[in-house]
Structures are given as C-alpha cells and as structure tokens.
A.B. asks: 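Below is a structure I'd like to ask you about.
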Amino acid sequence: MIIIDDLLTESEVGQFRQQLAKVPFIDGKNTAMGMAAGVKNNGQADAQDARVQQLANTLLSKLGNSPKVISGALPQRIFPPCFNRYSESQTYGYHVDAAIMRIPNTPDVLRSDMSMTVFLTPKEDYEGGELVIQTGFGEQKIKCDAGSAILYPSSSLHKVIPVTKGERMAAITWIQSMVSDQHMRETLFQLDQSIQSLINTGNAEREQLDGLHYVYHNLIRQFAQV
C-alpha cells in the first residue's frame with residue numbers, strides 16, 4: 001500500500017466537492033460487477049454526465065503528473081475515475097475488484113493491477129467509512145486526509161465500513177501497470193524512492209546514482225509489457 005499525501009490541494013478538493021454537489025448520483029449497485037453488487041450500498045456520480053466526465057479528466061491529469069503515482073504504479077492505462085458518496089449507514093462489503101474492466105465508450109479493456117482511492121472529504125467531517133484492506137499482516141484500516149490517496153493491489157480483498165455520521169466522498173480508479181508482477185513493482189518502487197531520497201539529500205556521488213539508474217531502468221526493460 002502506498003499513501004500519496006496532498007495529491008490534490010485544499011483548493012482543488014473544494015472545487016471537486018463544489019462540482020460534485022451539482023451532479024446527479026445513481027445507485028452504486030448499478031455500476032458493480034458480479035458478486036460485488038450484492039454488498040455495495042453507496043451512491044455514484046453519473047459517469048454519463050458531462051460535468052462528471054470533466055472532473056474525471058481533471059483528476060486523470062493530476063494522476064499523470066504525480067511522481068509517486070508514476071513510481072508506485074508505472075501506469076500503462078488508467079480507468080476514468082469514478083466518484084462515490086457514502087451517507088450515514090451506507091457501506092461496501094468485502095469484495096475483490098474485477099480483474100478485467102472495459103474502458104467506457106471504447107472497445108479497450110484494462111487489467112486492474114492497482115486500485116486507488118482519492119479522499120475528498122476531511123476525515124474529521126465523518127465517522128466510520130474507513131477503507132479496510134486485507135493484507136498478509138492482517139486488516140489495515142485507512143482514512144486519509146482530504147486530497148490524499150492510497151494505491152493498493154487490486155487483488156486485495158477490501159471493503160468500506162459503514163459511515164455512522166456525516167458523509168464520505170471519494171474518487172476511485174484502477175490502473176493497469178506496465179509491470180504486471182506485483183513483487184517486481186514493489187521492488188522497483190522501493191528502488192526508485194531510494195534513488196530519489198539520495199538525490200534530494202545529496203548523499204550520493206553521480207557515479208553511484210548512475211549505477212542505480214542503470215539497474216532501475218534495465219529492470220523495467222526486462223519486466224515491462226508495452
């Protein structure tokens with residue numbers, strides 16, 4: 001799991017929320033696939049609305065310009081973001097995201113390697129609503145600040161626990177990575193973050209950084225599927 005702090009600024013979050021207050025929402029069950037529909041109880045902004053599509057494109061642009069998203073996911077394709085809303089008592093039970101998703105209004109499909117939630121409501125404005133992800137170390141509960149996001153493997157069982165007070169708004173999307181192997185993706189992310197840390201702190205010689213870049217980019221050449 002990768003936390004991305006401040007993906008959106010406070011002003012950008014406000015603009016998203018202001019626009020989402022004006023668009024129609026539909027029953028989230030209508031957008032769920034397979035068994036997920038039986039445990040989904042939320043609202044989802046109507047993806048056919050032009051205003052929603054514009055918000056999705058704006059968020060896509062932010063994702064494409066986020067160094068940590070690029071480093072963590074190595075995106076090949078990103079599903080147009082969806083916007084969901086959980087009012088009091090609404091929830092989404094344990095489920096696994098579909099492995100293959102058709103990109104709306106195109107003949108193309110996407111393999112979901114990584115899932116992403118972008119939080120749009122200040123966490124102090126609602127109670128409950130944590131994203132819970134099952135990992136090898138047990139259940140992990142996540143409730144990020146508005147504007148922050150989490151990337152995690154789409155193969156994970158996960159759920160959103162009931163909102164008990166207030167309202168939770170978020171954007172969700174899925175990413176097909178150029179590197180399909182999860183463990184190699186994690187290795188590349190850790191290597192890239194180490195390189196960036198050395199660059200930022202100035203604790204490495206140019207020859208050392210060149211050597212690390214050599215390893216990093218040749219691993220991508222070996223494992224990337226483009």
Side-chain angles (χ1 to χ4, degrees), residues 1-21 23 28 42-45 52 54-75 78-87 90-92 97 112-135 137-175 177 182 185-186 188-190 192-194 196-197 200:
M1 295 187 298
I2 301 170
I3 300 292
I4 302 168
D5 294 319
D6 302 322
L7 176 69
L8 301 174
T9 66
E10 184 177 350
S11 174
E12 288 169 335
V13 169
Q15 292 170 18
F16 271 89
R17 289 171 57 81
Q18 185 179 35
Q19 293 301 312
L20 287 169
V23 305
N42 66 4
Q44 189 156 312
V52 176
Q54 181 59 50
L55 289 173
N57 288 334
T58 300
L59 185 53
L60 275 175
S61 177
K62 294 292 293 187
L63 298 180
N65 287 293
S66 167
K68 203 166 184 180
V69 173
I70 301 303
S71 177
L74 295 169
I78 304 178
F79 194 91
C82 308
F83 300 91
N84 57 39
R85 179 177 65 195
Y86 291 81
S87 300
Q90 289 192 313
T91 183
Y92 197 167
D97 293 331
S112 61
D113 294 318
M114 301 200 77
S115 302
M116 170 179 266
T117 296
V118 183
F119 293 82
L120 297 175
T121 304
K123 59 185 179 182
E124 61 271 14
D125 285 2
Y126 64 101
E127 296 178 5
E130 287 89 349
L131 173 65
V132 180
I133 304 172
Q134 284 194 1
T135 74
F137 302 99
E139 288 187 345
Q140 304 295 315
K141 290 185 178 182
I142 298 98
K143 191 174 186 178
C144 294
D145 292 322
S148 295
I150 180 168
L151 266 172
Y152 59 97
S154 298
S155 56
S156 306
L157 267 173
H158 58 281
K159 66 179 179 179
V160 176
I161 68 174
V163 171
T164 58
K165 184 179 180 180
E167 183 179 86
R168 174 194 192 268
M169 192 86 71
I172 55 173
T173 189
W174 300 269
I175 298 172
S177 176
Q182 176 181 330
R185 220 167 38 239
E186 292 172 358
L188 288 166
F189 173 69
Q190 294 299 332
D192 183 53
Q193 292 301 292
S194 296
Q196 297 308 315
S197 178
N200 292 334

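Numbering of residues begins at 1 and proceeds along the displayed sequence. Reckoned from all heavy atoms, side chains included, excluding hydrogens, waters and symmetry mates.
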A.B. asks: For a quick test of reading the model, state the closest non-hydrogen atom pair linking Leu60 to Pro80 and the distance between them.
C.D. replies: CD1-CA, 4.4 Å

A.B. asks: With a 4.5 Å limit on heavy-atom distance, are the side chains of Thr135 and Tyr152 in contact?
C.D. replies: no

A.B. asks: Locate the shortest heavy-atom distance separating Asp113 from Ser177; write the atom from each residue and the value.
C.D. replies: OD2-N, 2.8 Å

A.B. asks: With sequence neighbours left out, what residues match Asn42 under side-chain hydrogen bond (donor to acceptor under 3.5 Å, both in side chains)?
C.D. replies: Tyr86

A.B. asks: Tell me, please, which residues at least two apart from Asn65 pass side chain to side chain contact (heavy atoms under 4.5 Å, CB included).
C.D. replies: Ser61

A.B. asks: Using 0.5 Å steps for rounding, measure from the CD1 atom of Ile172 to the CZ atom of Phe79.
C.D. replies: 9.0 Å

A.B. asks: Residues in ring pair (Phe, Tyr, Trp, His ring centres under 6.0 Å) with Tyr126, at least two apart?
C.D. replies: none

A.B. asks: Tell me every residue that passes side-chain hydrogen bond (donor to acceptor under 3.5 Å, both in side chains) with Asn84, counting only those two or more places apart in sequence or in another chain.
C.D. replies: none

A.B. asks: Could you tell me if the side chain of Ile70 sits less than 4.5 Å from the side chain of Asp192, heavy atoms only?
C.D. replies: no

A.B. asks: Indicate the atoms forming the closest heavy-atom contact of Gln90 with Gly43, along with that distance.
C.D. replies: OE1-N, 4.1 Å

A.B. asks: Kindly list each side-chain donor-acceptor pair under 3.5 angstrom involving residues 160-170, sequence neighbours excluded, with atom names and distances?
C.D. replies:
residue: Thr164; atom: OG1; partner: Glu127; partner atom: O; Å: 3.4
residue: Arg168; atom: NE; partner: Gly129; partner atom: O; Å: 2.8

A.B. asks: Got a sec, which residues hit side-chain hydrogen bond (donor to acceptor under 3.5 Å, both in side chains) with Ser11, two or more places apart in sequence or on another chain?
C.D. replies: Gln15

A.B. asks: Do you know the tightest heavy-atom contact between Met114 and Gly72?
C.D. replies: SD-O, 3.5 Å

A.B. asks: Could you report the tightest heavy-atom contact between Ala73 and Arg185, atom names first, then the distance?
C.D. replies: O-CD, 3.9 Å

A.B. asks: Partners of Ser112 by side-chain hydrogen bond (donor to acceptor under 3.5 Å, both in side chains), sequence neighbours excluded?
C.D. replies: none

A.B. asks: Just how far is it from atom CD1 of Ile2 to atom CD of Gln193, taken to the nearest 0.5 Å?
C.D. replies: 7.5 Å

A.B. asks: Does a donor on one side chain sit under 3.5 Å from an acceptor on the other, for Glu186 and Gln190?
C.D. replies: no

A.B. asks: Give every residue pair that meets the salt bridge (Lys or Arg N to Asp or Glu O under 4.0 Å) criterion with at least one member in residues 56-70, sequence neighbours excluded.
C.D. replies: Glu12-Lys62

A.B. asks: Could you check Val13 against Phe119 for side-chain contact (heavy atoms from CB on, under 4.5 Å), going step by step and ending with a plain yes or no?
C.D. replies: CA-CA 9 Å; Val13 169; Phe119 293 82; over 6 Å; no

A.B. asks: To the nearest 0.5 Å, what is the distance between OG (Ser115) and CG (Asp97)?
C.D. replies: 4.0 Å

A.B. asks: Under the ring pair (Phe, Tyr, Trp, His ring centres under 6.0 Å) rule, collect the residues that match up with Phe189, sequence neighbours excluded.
C.D. replies: none

A.B. asks: Any heavy-atom pair between the side chains of Leu7 and Leu63 that's under 4.5 Å?
C.D. replies: yes

A.B. asks: According to side chain to side chain contact (heavy atoms under 4.5 Å, CB included), who are the partners of Val52, at least two apart in sequence or on a separate chain?
C.D. replies: Val23, Ala45, Asp49, Phe83

A.B. asks: To the nearest 0.5 Å, what is the distance between CG on Leu120 and CG on Leu8?
C.D. replies: 6.5 Å

A.B. asks: Please name all residues satisfying side chain to side chain contact (heavy atoms under 4.5 Å, CB included) with Ser194, sequence neighbours left out, ordered by chain then number.
C.D. replies: none

A.B. asks: Mind listing the closest non-hydrogen atom pair of Ala146 and Pro122 along with its distance?
C.D. replies: CB-N, 3.6 Å

A.B. asks: Roughly how far apart are Met1 CE and Leu151 CG, rounded to 0.5 Å?
C.D. replies: 11.5 Å

A.B. asks: Do the side chains of Leu20 and Arg85 get nearer than 4.5 Å, heavy atoms only?
C.D. replies: no

A.B. asks: For the residue pair Pro81 and Val118, establish whether any side-chain heavy-atom pair is separated by less than 4.5 Å.
C.D. replies: no

A.B. asks: Which residue pairs pass the salt bridge (Lys or Arg N to Asp or Glu O under 4.0 Å) test with at least one member in residues 137-163, sequence neighbours excluded?
C.D. replies: Lys123-Asp145

A.B. asks: Can you tell me how far the CD1 atom of Ile78 sits from the CE atom of Met116, to the nearest 0.5 Å?
C.D. replies: 8.0 Å

